Every structure is written in C-alpha cells, then in structure tokens.
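Remember, predicted model here, so these are calculated numbers, not experimental data.
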Amino acid sequence: MAADPIVGIDLGGTNVQIGVTDSDGNVLSRSKRKTPVADGPEGIVDCIAGGVEEACEAASVKLADVACVGIGAPGPIEQPGGIVIEAPNLRWKGVPLKDLLSTKLGKPVTVENDVNVAIWGEVTAGAAKGATDVMGVWVGTGVGGGLVLDGKLRSGRTGSAGEIGHTPALPRNPPGLRSVEQLYSRTALCNRARAMIRADAESVITELTGGDLEKIKSKVLGKAYAAKDALVMNLIHDAAEGLGCAIAAHATVMGLDLIVMGGGLTEAIGEPFVSRVKETVRREVFPSSMKGIEVVASKLEDDAGVVGAAMLAKAANAES
C-alpha cells in the first residue's frame, strides 16, 4: 500500500474520472462513471463518492487512510471556497463543490478548474514537464483551457484565466454560434453532423450509428475521420483551423512556448488533428520568432486531470 494515498478526480460534462495516486502522482487505481447532469449537484456528488469508494477498493486503500482529495471541475472556480461559479456543461451556477464533497467524503478537498488540473498534471509528469509558459486546450464536451505562466498555475482574480472556450471566435454569428466552444467543441461538431445528415448529406456516420444519430460521440467521429468520410473531415479541418486561430491569439498575447491538447475529440482524431492545429497556430502567431511554438497531444490523456488534481491537493494539504 502506498503511503499517504491521494484521490484525484476529473469531473467532466460527460464522464467522471477518478483515481487513487501515491504521493508522487503514480496512479494506483481508476474508476470511471457517466456524469449524471440531470441529477443536479447533489446527485453528481453522490456519483463521485461512489466512484471514490470503487477506486479505493481497487487500490486496496481504505477511504479513512486517504490524505486528501483533489477535483477538477469545468468553469471558473471562486477561491478559497472552491465554489464553481458557472459550469454550462453541468448546468451549474454558484455550486459550493468543496463543501459538498468534503462533507460527503469527510476529507479535505481542493477544487480547481478541470483543465487547470489537467495541464498541471502534464507539467508535473506529462507532455509539458519542465515547461514554464504553457496553455492546455481540452476539446471534448466543451473547450476548456488551463494556463501555466512562469511555472505557476494561473487562475486570475475571477478564476477564469485560460478559459479559451468562452472567448468569441465569430462575434457576428447568431447567438449560440459565437464562442470557441459553441463552434469547435465535440458537442458542436456532433450537432452540426446531425443537422447535415438529416438534411440528406451522405456520411459513414449513418452506418456507424445504425441510423441513431444521437449516438454520435468522439469515437464515432474518430472512426469516420479514419475512414476519410468527407463530411467529418470537413468538420474536423474547419475546427482545427478555428481552434488554431484562437490559440495563436492567446499564445501571441502571453508569449507561450507550448500548447498541450487533450480531451475526447483530440484523442479520437489523434495526431492529424493536433498537426492541423499546430500548422494554423504557427502560421498565425506573432512575431516570427514564435513560429517554432510547439503544439503537442496530452501524454497522460485520461490520467492528466486525476494526477494534476491529486498533486494540487497534496500541495494544498501540506500548506494547511
């Protein structure tokens, strides 16, 4: 049994990833559950608690022996209270997640933005290890962002630093089709694919889903892309271009060295998606000395948020 085990949790709009780690961030066990968004904050906290028990059992760790718990949640976080200010994917506003989860588990809980914890995981033990100025961009249910500057995780006064998904991409578009997230998330691409197929566009997606277009998720898009489906390739390439332009703007403003991309859509499409984003970023950044900026895929993938949340909780617990 590891000394001082820690629980790390990555709460997403679709799934909850939970892991038990040792004090160095090595993942000892994992559990995964669907996020019961319709059940509200209390239902989601109950789901998380069940997943924590499952992960602890798999690691042969008693919950009583867990030192602390870290969780990454979508949206900006009000500190030090650990309140989720607004999480559109969860339909949350002003949810006191730290208090709810700490009461449920009986453990000290540290709450941070989900991509903040993921990029911290990558800086600690993944694709950004040793980097000092880096942004994480996670493309899945939404588009989340996390920011590390001068080697320190930055949240800003409002907790919204790095939230690239909620920045305007096409401000003259109709409402609901303006921000980076509304245009280029997996949710947006799936909605667009459904609309196009229902308008009689041909796509292998129809076969992959057995005609049930509600089954379109990241893996379906990945399979269709690998099959060189024209509809999906156009959607993915357009998203890569749009994301690349948004990332280039942020990289220029903050003088970033590295971008790490993760999330379900990034993992499903793989290197072709990351490469197209990198090509656009390098074309659009300023000045020319930034043209060598690196854009890479997450190394830790599903473990990034778990490891980052655990390591942030460890640091917070040591300070208290």
ask   = When you check the gap from the basic side-chain N to the acidic O, do Glu241 and Lys278 get nearer than 4.0 Å?
value = no
query = Counting N and O atoms only, with roles assigned by atom type, does the side chain of Lys98 sit under 3.5 Å from a partner on the main chain of Pro80, one being a donor and the other an acceptor?
reply = yes
message = Within this structure, what is the CG-OG1 distance for the pair Leu213 and Thr206, rounded to the nearest 0.5 Å?
response = 6.0 Å
key: Single-linkage hydrophobic cluster, 4.5 Å side-chain cutoff, Val307 and Val61 together   = no
ask   = Do you see a donor-acceptor pair shorter than 3.5 Å between the side chains of Ser155 and Glu112?
value = yes
key: Min side-chain heavy-atom separation Ile197-Ile205 under 4.5 Å   = yes
Thr14 versus Thr141, side-chain donor and acceptor atoms under 3.5 Å = yes
ask   = Honestly curious: do Leu300 and Leu147 fall in one hydrophobic cluster under the side-chain, below-4.5 Å linking rule?
value = no
message = Quick one, Lys62 and Asp65 - any side-chain contact, counting heavy atoms below 4.5 Å?
response = yes
task = Please test Val123 against Lys129 for side-chain contact (heavy atoms from CB on, under 4.5 Å), starting from the C-alpha separation and ending with a verdict.
result = CA-CA 4 Å; Val123 167; Lys129 192 170 184 177; over 6 Å; no
ask   = For Leu183, does its backbone N or O pair with a side-chain atom of Arg192 as donor and acceptor, under 3.5 Å?
value = yes
query = Taking the side chain from Lys107 and the backbone from Ala67, do they hold a donor-acceptor pair closer than 3.5 Å?
reply = no
ask   = Can you tell me how far the CD atom of Glu53 sits from the CG atom of Leu63, to the nearest 0.5 Å?
value = 7.0 Å
query = Does the Thr35 side chain pair with the main chain of Val37, one donor and one acceptor, at a distance under 3.5 Å?
reply = no
request  = Would you sort out whether Arg198 and Glu214 count as a salt bridge (charged side-chain N to carboxylate O under 4.0 Å, His left out), showing the intermediate values?
outcome  = CA-CA 12 Å; Arg198 285 168 179 158; Glu214 295 307 312; 3.1 Å; yes
query = With side chains defined as the heavy atoms from C-beta onward, is the minimum distance between Val134 and Asp257 less than 4.5 Å?
reply = no
query = So, for Ala309 and Val117, which heavy atoms are closest and what is the spacing to 0.1 Å?
reply = N-CB, 3.7 Å
inquiry  = Please check: side-chain N/O of Asp150 versus main-chain N/O of Lys152, any donor-acceptor pairing under 3.5 Å?
reply    = no
query = Can you tell if the side chain of Val232 reaches within under 4.5 Å of the side chain of Ile236, non-hydrogen atoms only?
reply = yes
request  = Using atom types as modelled and distance alone, determine if a side-chain donor or acceptor of Glu181 lies under 3.5 Å from a backbone N or O of Val143.
outcome  = yes
ask   = Heavy-atom distance under 4.5 Å between the side chains of Glu163 and Pro76, does that happen here?
value = yes
task = State, with a plain yes or no, whether a side-chain heavy atom of Tyr225 is found less than 4.5 Å away from one of His237.
result = yes
key: The single option from Leu100, Leu90, Leu97 passing side chain to side chain contact (heavy atoms under 4.5 Å, CB included) against Ile44   = Leu90
message = Tell me the closest heavy-atom pair linking Leu258 and Ala131, and the distance in Å.
response = CD2-CB, 3.9 Å
query = Going through the checks in order, is the side-chain contact (heavy atoms from CB on, under 4.5 Å) test met by Trp92 and Ile85?
reply = CA-CA 8 Å; Trp92 282 8; Ile85 298 170; over 6 Å; no
query = Would you say the side-chain atoms of Asn113 pair up with the backbone N or O of Asn116, donor to acceptor, closer than 3.5 Å?
reply = yes
task = Quick one: do Asp4 and Asp22 satisfy side-chain contact (heavy atoms from CB on, under 4.5 Å)? Show the steps, please.
result = CA-CA 7 Å; Asp4 302 316; Asp22 64 19; over 6 Å; no
inquiry  = If you count every heavy atom of other residues, nucleotides or ligands that lies below 6.0 Å from Glu57 atom CD, does the total exceed 12?
reply    = no
Steps toward side-chain contact (heavy atoms from CB on, under 4.5 Å) verdict (Arg91, Glu86) = CA-CA 8 Å; Arg91 304 170 201 161; Glu86 185 174 357; over 6 Å; no
query = So if you build clusters from Ile, Leu, Val, Met, Phe, Trp, Tyr with side-chain heavy-atom gaps below 4.5 Å, do Ile293 and Val274 land together?
reply = yes
remark   = To the nearest 0.5 Å, atom OG1 of Thr266 lies from atom CE of Met261 at 4.0 Å
query = Is Lys223 salt-bridged to Glu207, going by a charged N under 4.0 Å from an acidic O?
reply = no
request  = Report the distance from atom OG1 of Thr252 to atom CD1 of Ile247, rounding to the nearest 0.5 Å.
outcome  = 11.5 Å
ask   = Can you hop from Met254 to Phe286 via hydrophobic side chains spaced under 4.5 Å?
value = no
task = Give the cluster check for Ile6 versus Val20: same hydrophobic cluster or not, with ILVMFWY residues linked at side-chain heavy-atom distances below 4.5 Å.
result = no
inquiry  = Taking the basic N atoms (NZ, or NE/NH1/NH2) and the acidic carboxylate oxygens, is any pair closer than 4.0 Å for Asp302 and Arg30?
reply    = no
task = Side-chain contact test, heavy atoms from C-beta onward, threshold under 4.5 Å: evaluate it for Cys47 versus Lys34 and give yes or no.
result = no
key: Side-chain (Ser102) to main-chain (Val109) donor-acceptor, under 3.5 angstrom   = no
request  = Indicate yes or no for a side-chain donor-acceptor contact from Ser179 to the backbone of Thr167 under 3.5 Å, with no hydrogens or angles considered.
outcome  = no
ask   = If you draw a 6.0 Å radius around NZ in Lys215, do more than 12 non-hydrogen atoms from other residues or ligands fall strictly inside?
value = no
note = Closest heavy-atom pair, Gly308 versus Trp120, reported as atoms and distance to 0.1 Å, is O-CD1, 4.0 Å
ask   = Which distance, rounded to the nearest 0.5 Å, do you find between the CZ of Arg282 and the CD1 of Ile259?
value = 11.5 Å
ask   = Looking only at heavy atoms, which two atoms of Ser29 and Ala55 are closest? And how far apart?
value = OG-O, 2.6 Å
request  = Among Ile119, Asp10, Asn89, Ile71, find the one that has a side chain to side chain contact (heavy atoms under 4.5 Å, CB included) with Asp114.
outcome  = Asp10
query = Glu267 and Ser218: side-chain donor and acceptor closer than 3.5 Å?
reply = no
remark   = Heavy-atom closest pair (Ile216 atom, Ala193 atom, distance to 0.1 Å) is CD1-CB, 4.4 Å
key: Min side-chain heavy-atom separation Val52-Ile9 under 4.5 Å   = yes
query = Just by distance, do the side chain of Gln182 and the backbone of Arg178 share a donor-acceptor pair under 3.5 Å?
reply = yes
message = Just verifying a value: how many Å separate Leu265 CG and Leu243 CG, rounded to the nearest 0.5 Å?
response = 8.5 Å
ask   = Between Ala87 and Pro74, what is the shortest heavy-atom contact and its length?
value = CB-O, 3.2 Å
